[in-house]
Amino acid sequence: MGEYTRRKIMQGGMLAAVTGPLAAGAQQGGASAVRPVAISSANGLRAVEKAMEMIRGGADTLDAVIAGVNIIEDDPNDSSVGYGGLPNEDGVVELDSSVMHGPTRRAGAVASLRNIKNPSKVAKAVMEHTDHLLLVGEGALRFARMQGFKEEDLLTDKSRLAWLTWKARKFENWGPGLAAPDADQKAGIYDPEVLAWAREVAAHPPTGTINCLAVNERGDLSGVTTTSGLAWKIPGRVGDSPLIGCGLFVDSDVGGAGSTGRGEECIKINGAHTVVEMMRRGAPPREACLEAVRRVAANYRNNRKKLEQISINFYALNKRGEHGAASLWNTSGSGGRKAQYAVNDGGQSRLVECAYLLER
Ligand code: ASP
């Protein structure tokens, strides 16, 4: 099995400049000149741009990151989040999200929410309008309705096709309707590229999700994580994204962290909380993320074969605006994309490589 080496951490960029404990001013919430920055999972180039635009305009950091991820939630082409997200095994899209507002140390979350395409906004409403933290399923939907959120079908033609293709694969004799994707291809109904994508996600359920974290010039931090969760999940399955301390954690004295990928593995190590606690003890964001990845691997005694089934990433941003990310694997699959995360610190959004534990 591949060993973590200093050289590997250095691959894809420099270690964060900081090596010592957080400065006293930052630890105590004192004023310091921070360069505002927003970071997110790799699917969030537009999200970090939007978040930074709002922060520069004086918006609250939580409003900024939520507005950023709303772009991805609304995008039918991102199959891991919001509208167009891949559904559960019944073909119903169920969304999970959490938010944390650093300055007021509040949080809100929803899980297994159906029919509302911006679960991050509902999570914020839970934070603002209740003294609860997490609403799930039917209760979350009723709350969202009460708050005036509009219900809509979140399945797109593309995600329905992927679900049907998965069904056809799983239940070979499910019925004549299941021949539909192939028959329809012959009839020229589906774009061959879309059909190839549907076959790929049916065979290898992809991981997705967006986590976005931001800090402003005063060192105020907030974060959000939003997802449609694991494709083809059992209805009611809840991942790490809506669980505070797992898919998201923000402590305004230290920084914030988030996770994407196999939620069950993140929950088992309380991923985002673990990362923030590492930073509290002085670890640079990148190192803190790598330590969380090591814990995931240790749960499988570093067994490479077993770890091949898992994809997981951690992202971290400290109160001084230093950031980093780490991934279990160097790429998203054999021949896949390099593990990266999105950053905007005032200029153009860019992708930065993550540290990683294992090479494919
Ligand atoms: N972390 C999400 C979950 O397990 C899914 C993902 O990021 O792919 O629900």
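One-based numbering, in listed order, for ligands and for the atoms of each. Residue numbers run from 1 in the order of the sequence given.
Using a 4.0 Å cut-off between heavy atoms, Arg237 contacts ligand 1 through its side chain alone, with no backbone atom that close.
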>> Set out, in order, the CA-CA distance, both residues' side-chain angles and the distance that settles salt bridge (charged side-chain N to carboxylate O under 4.0 Å, His left out) for Asp220 and Lys319, then state yes or no.
In response: CA-CA 7 Å; Asp220 292 339; Lys319 204 174 162 59; 5.4 Å; no

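Between Glu73 and Lys117 no salt bridge is recorded (no basic side-chain N to carboxylate O distance below 4.0 Å).
Atom numbering of ligand 1 starts at 1 in the shown order; those under 4.0 Å from a heavy atom of Thr260 are 7 (O). Residue contact check: Gly239 has heavy atoms under 4.0 Å from atoms 9 (O) of ligand 1. Near Thr209, the atoms of ligand 1 lying under 4.0 angstrom from a non-hydrogen atom of the residue are 1 (N), 2 (C), 5 (C), 6 (C), 7 (O), 8 (O).
Between Gly263 and ligand 1, at least one pair of N/O atoms sits closer than 3.5 Å. Considering backbone and side-chain atoms alike, Asp240 places an N or O below 3.5 Å from some N or O of ligand 1.
Ring-plane geometry between Phe249 and His273 is classed as perpendicular, the angle between the planes exceeding 60 degrees on a 0 to 90 degree scale with a lower cut at 30.
A distance of 11.5 Å separates CG of Leu307 from OG of Ser311, quoted to the nearest 0.5 Å. Remark: Trp163 CH2 to Leu161 CG distance equals 11.5 Å, nearest 0.5 Å.
In the displayed structure, Lys268 atom NZ is contacted under 6.0 Å by more than 12 heavy atoms of other residues, nucleotides or ligands.
The closest approach between any non-hydrogen atom of Gly261 and ligand 1 is below 4.0 Å.
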